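Written out below as structure tokens is the structure these notes cover.
Atom set for the values below is all heavy atoms of this structure, side chains included, hydrogens, waters and symmetry mates excluded. Treat the numbers as computed from the prediction; the structure is a model and nothing was measured. Just so you know, ligand 1 is whichever comes first in the structure, and atom 1 is the first atom listed for that ligand.
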Amino acid sequence: MNMAQSSDTEQLLDSELLCYARQILLDGWDMDAQLRLKSSRVVIIGAGGLGCPASETLVRAGLGQVHLLDDDVIEASNLQRQTLFLPEDIGKPKALTAATILERINPLIAARGTVARLSEDNAYELLDIASGKPNLILDCTDNFATRDVINRISVRYQIPLLSASAIAMQGQLALFEPHLNTGCYHCVFGSVVIDEAADERTCANSGVLASTTAVMGNLQANAALQYLGLTKNPLTNKLLLWDGKQMQQRLMGYRKDPQCPVCNGH
Ligand SMILES: [Zn+2]
């Protein structure tokens, strides 16, 4: 991870020192971690149940730049778990509404929203790769087909991918680093991607408890903060599985698939 060279990211302003005081005090988190977070740019795909809590926590913690991509509008059934939205926001675009409220929550950061659906064709433009790769992509979408596309983009442009999913009372989390060649989303879920029954299991038809997306979005933020601030991947070759019914969390190991059609050869 490279620190941006501009002078305003080389030190923290008095207002930032005040705002992030409790965090800088933390054992294992310091001024350098806070500066690394400030100079980071994260693209969040999906401003829904996961994207709302994940972006809110990252923005409150001091992430310098966040860019949300979502082509959906806010519906009444979203308000149960999409924590950045209010009843009067129904009908408005999620990405723009979320970016506006995030900048109100923390005026020290920059939030941007784009009403668009990410594809392999528009990724270079939408991720603004010409002006430097984002430090991290957060997959906050809710279906396997889109997850597969985001994974291909992560591998192609060698951008780390933090992928979370939430359904009913369960969730999963993984952090892939394509440049380290330790495996990708397809290495872990390849067989699931082509399972049509699994693909159709989304929040829209299976249901999701409000707390599931809140927990998983914040676990995602937890991993992102360590990765961006401390340059440490807490989930190298590990898949986190969260079970809200049993109140259990466990880690499952995975390996790179040497035959993986997505990351093999990269
Ligand atoms: Zn792979």
Side-chain angles (χ1 to χ4, degrees), residues 1-2 40-46 50-51 54 67 69 117-129 132-167 170-202 216-217 219-228 230-243 249-266:
M1 238 166 291
N2 296 317
S40 296
R41 177 164 75 93
V42 170
V43 178
I44 299 186
I45 322 291
L50 293 166
H67 184 191
L69 301 180
R117 181 175 290 246
L118 186 68
S119 72
E120 288 186 79
D121 292 336
N122 65 17
Y124 189 85
E125 256 175 273
L126 280 182
L127 299 180
D128 207 6
I129 290 173
K133 290 189 228 178
N135 300 87
L136 187 63
I137 296 173
L138 263 60
D139 183 347
C140 296
T141 63
D142 68 350
N143 69 83
F144 286 108
T146 311
R147 288 173 187 284
D148 193 50
V149 169
I150 295 170
N151 181 53
R152 284 169 194 276
I153 291 165
S154 152
V155 171
R156 178 171 169 192
Y157 295 107
Q158 302 279 288
I159 303 169
L161 170 62
L162 177 55
S163 177
S165 67
I167 206 148
Q170 293 179 330
Q172 296 173 340
L173 185 69
L175 175 46
F176 305 101
E177 294 176 274
H179 58 290
L180 299 182
N181 212 20
T182 46
C184 75
Y185 185 85
H186 199 280
C187 291
V188 184
F189 296 102
S191 56
V192 182
V193 172
I194 53 168
D195 179 345
E196 283 180 23
D199 187 33
E200 281 171 16
R201 202 169 160 250
T202 66
M216 292 315 299
L219 281 173
Q220 198 174 19
N222 179 279
L225 288 176
Q226 290 187 66
Y227 189 68
L228 300 168
L230 306 175
T231 64
K232 185 181 148 196
N233 182 353
L235 292 171
T236 301
N237 285 112
K238 281 181 233 158
L239 176 68
L240 183 152
L241 302 167
W242 185 80
D243 183 334
Q249 181 177 299
R250 64 191 178 95
L251 295 174
M252 200 183 84
Y254 69 83
R255 286 203 196 108
K256 177 184 166 69
D257 173 6
Q259 313 294 327
C260 176
V262 178
C263 70
N264 188 27
H266 272 273

Mark yes or no for whether [X], through its side chain, and [Y], through its backbone, hold a donor-acceptor pair below 3.5 Å.
X	Y	value
R147	T141	yes
N151	C184	no
Q220	L162	yes

| request: Look at the aromatic rings of F144 and Y185 and report parallel, tilted or perpendicular, splitting at 30° and 60°. | output: tilted

| field | Validation row, ring centre Y254 to ring centre F189 under 6.0 Å | value |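 No: the rings miss the under 6.0 Å criterion.
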
| field | More than 12 heavy atoms from other groups under 6.0 Å of CD on E120 | value |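 Result for CD/E120: enclosed.
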
| note | Counting only protein N/O/S atoms, those under 2.8 Å from the Zn ion (ligand 1) total 4

